[in-house]
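A quick write-up on the structure given underneath.
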Amino acid sequence: MIVIPIKTEYIKANEGYEKIIDSVKEICQENDYLIISETPISTAEGNLLDESKYNPGLLAIFLADIWSKYIWGYILCPLFGCKKRTKKNLRKMPKEVRNHKQLILKEYGLKYALQPTAEAGVDLSNVPEQYVSLLPKNPEKSAKIIKDEIKRITNKNIHVLIIDTDGTYQFHNIKYTTLPIAIKGIISGTGVFGYMLRKFSKKIGPTVLASTIQLDVIDLIKLANIAEECEKNSNDNFFGTIYDMKNKFDSNFSDISSEMLNSVSHVPAVLIKNK
């Protein structure tokens, strides 16, 4: 396969898919695969929320200051074999996490708020100030709109996937994700239960949220794996977490602006061609 990173300027809120489509339309061919990360889709659709508007209650404060920072950071993370980076980040979490937990509680519920990280796929990186990006409201619809627009412009029929870096795991023959949504064949909505089950499972790749082509789940995840690896290797500013973004700009979380994000290159999508 030939794998091409699609580089664009920062996609701003409610800006639509134009930057992605414009970057693809001259190079795509019939039956290519366009794999797009979920955050630029949600940002393009304006599916963002401002965490500063969520006033944390007692439960949110407990989940941030005690449950995530200390119980997970010092006890459960070592027990469940979490990455060293995860433990380090949990132990130094800022007070803004209280607002984040309140948002998760209100929008998604306790099952997701009990996760110490990656709650419901809500993304704090690649968005400015105290905004967060939710998962796309209807990723299947989003993928089809992009596919149809490229077809209209180029008369080329390509296949569109929308993926999330939050993993899909396999436990025996069961494939699952902690995310609230995924394609058929991946059990979604497991929340903190799936988060803990990861210790006994194998990560098989990113989670595919939507696909305009019907393929076996494993084949779709293989494409997602190729795209994710390309995105990481082709982007000097790959913000896997909000801490990566904070370190890049040497700034407080809430001070990162759209202008700062626009000052670096972005790889919101990858085009995969069959040789």
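Values below: all heavy atoms of this structure, side chains included; hydrogens, waters and symmetry mates excluded.
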Calculate, to the nearest 0.5 Å, the distance between atoms OG1 and CD1 belonging to T212 and I162 respectively. 9.0 Å

ILVMFWY cluster, V160 and I11 together (side-chain gap under 4.5 Å): yes

Which heavy atom of E30 sits nearest a heavy atom of N155, and at what distance? OE1-O, 4.1 Å

Going through the checks in order, is the side-chain contact (heavy atoms from CB on, under 4.5 Å) test met by V270 and I226? CA-CA 9 Å; V270 172; I226 293 169; 5.8 Å; no

Any chance NZ of K95 has more than 12 other-residue heavy atoms, nucleotides or ligands included, within less than 6.0 Å? no

Please check: side-chain N/O of S211 versus main-chain N/O of L161, any donor-acceptor pairing under 3.5 Å? no

Which pair of non-hydrogen atoms, one from I158 and one from Q29, has the smallest distance, and what is that distance? CG2-O, 3.5 Å

More than 12 heavy atoms from other groups under 6.0 Å of NZ on K151: yes

For the residue pair T117 / Y195, report whether a side-chain donor-acceptor contact shorter than 3.5 Å exists. yes

Rounded to the nearest 0.5 Å, what separation is found between the NE2 atom of H100 and the OG atom of S68? 8.5 Å

Any chain of hydrophobic side-chain contacts (each under 4.5 Å) joining V24 to V3? no

Short side-chain to backbone donor-acceptor contact, E38 and P136, under 3.5 Å: no

When rounded to the nearest 0.5 angstrom, what is the spacing between CG in L215 and CD1 in I183? 9.0 Å

In a check of side chain to side chain contact (heavy atoms under 4.5 Å, CB included) between I272 and each of D32, I2, I35, which one passes? I35

Within the 4.5 Å heavy-atom criterion, are L34 and C28 side-chain neighbours or not? no

Please examine the side chains of T86 and C77, heavy atoms only from C-beta on, and report whether any two atoms are closer than 4.5 Å. yes

Considering all heavy atoms, the nearest A64-V97 contact: CB-CG1, 3.8 Å

Could you give me the CA-CA distance, side-chain angles and deciding distance for M1 and L223, then say whether side-chain contact (heavy atoms from CB on, under 4.5 Å) is met? CA-CA 10 Å; M1 290 182 170; L223 289 167; 4.0 Å; yes

G194 backbone acceptor or donor facing T178 side chain under 3.5 Å: no

Using only atom types and a distance under 3.5 Å, with no angle test, would you say the side chain of K101 pairs donor to acceptor with the backbone of A113? yes

Decide yes or no for K232 and E228: does some side-chain heavy atom of the first lie under 4.5 Å from some side-chain heavy atom of the second? yes

L124 and V132: which non-hydrogen atoms are nearest, and at how many Å? CG-CG1, 3.8 Å

According to a 4.5 Å side-chain heavy-atom criterion applied to Ile, Leu, Val, Met, Phe, Trp and Tyr, with indirect links allowed, do V217 and I187 form part of one hydrophobic cluster? no

Are any of the side-chain heavy atoms of D148 and I145 separated by less than 4.5 Å? no

Within the structure provided, determine whether I41 and L209 are in side-chain contact (heavy-atom separation under 4.5 Å). no

Is the backbone of I61 close enough, under 3.5 Å, to the side chain of R98 for a donor and an acceptor to pair up by distance? no

Within one Ile-Leu-Val-Met-Phe-Trp-Tyr cluster: I150 and Y33, side-chain cutoff 4.5 Å: no

Test side-chain contact (heavy atoms from CB on, under 4.5 Å) on L63 and L105; report intermediate values, then the result. CA-CA 10 Å; L63 290 171; L105 282 168; 4.0 Å; yes

Might you confirm whether atom OH of Y131 has over 12 heavy atoms from other residues, nucleotides or ligands at distances under 6.0 Å? no

Any heavy-atom pair between the side chains of P206 and N225 that's under 4.5 Å? yes

Please table the atom pairs, donor to acceptor, closer than 3.5 Å between any side-chain atom in residues 12-21 and protein atoms at least two apart or in another chain.
residue, atom, partner, partner atom, Å
E15, OE1, K12, N, 2.8
E15, OE1, K19, NZ, 3.2
E15, OE2, K19, NZ, 3.4
Y17, OH, E45, OE2, 2.5
K19, NZ, Y10, O, 2.8

For N157 and K147, which I'm curious about, is there any donor-acceptor pair between the side chains at under 3.5 Å? yes

Does L58 CG have over 12 foreign heavy atoms under 6.0 Å away? no

With a 4.5 Å heavy-atom cut-off, do V267 and K7 have their side chains touching? yes

Side chains of R152 and E149, heavy atoms from C-beta outward: is any pair under 4.5 Å? yes

Nearest 0.5 angstrom please: Y112 OH to L179 CG, how far? 8.0 Å

If the test is side-chain hydrogen bond (donor to acceptor under 3.5 Å, both in side chains), which one of D164, N47, D123 qualifies with T39? D123

ILVMFWY cluster, I66 and L59 together (side-chain gap under 4.5 Å): yes

In this structure, CD1 of I181 is separated from OG of S188 (nearest 0.5 Å) by 8.0 Å

So which atom in I36 and which in A269 form the shortest heavy-atom distance, rounded to 0.1 Å? CG1-CB, 4.0 Å

For residues Q115 and Y108, is any side-chain donor paired with an opposing acceptor at under 3.5 Å? no

Closest approach of L49 to L103 (non-hydrogen atoms, all atoms of both residues): CB-CD1, 3.9 Å

Given I4 and K273, is the side-chain contact (heavy atoms from CB on, under 4.5 Å) satisfied, shown in steps? CA-CA 8 Å; I4 304 172; K273 297 172 169 286; 3.7 Å; yes

Under 3.5 Å, sequence neighbours excluded: what are the donor-acceptor pairs made by side chains of residues 167-175?
residue, atom, partner, partner atom, Å
T168, OG1, T207, OG1, 2.9
Y169, OH, R198, NH1, 3.4
Q170, NE2, H172, O, 3.0

Measure the spacing between CG of L76 and CE of M196 and express it to the nearest 0.5 Å. 8.0 Å

Can you name the side chain to side chain contact (heavy atoms under 4.5 Å, CB included) partners of S23, sequence neighbours left out? I6, T8

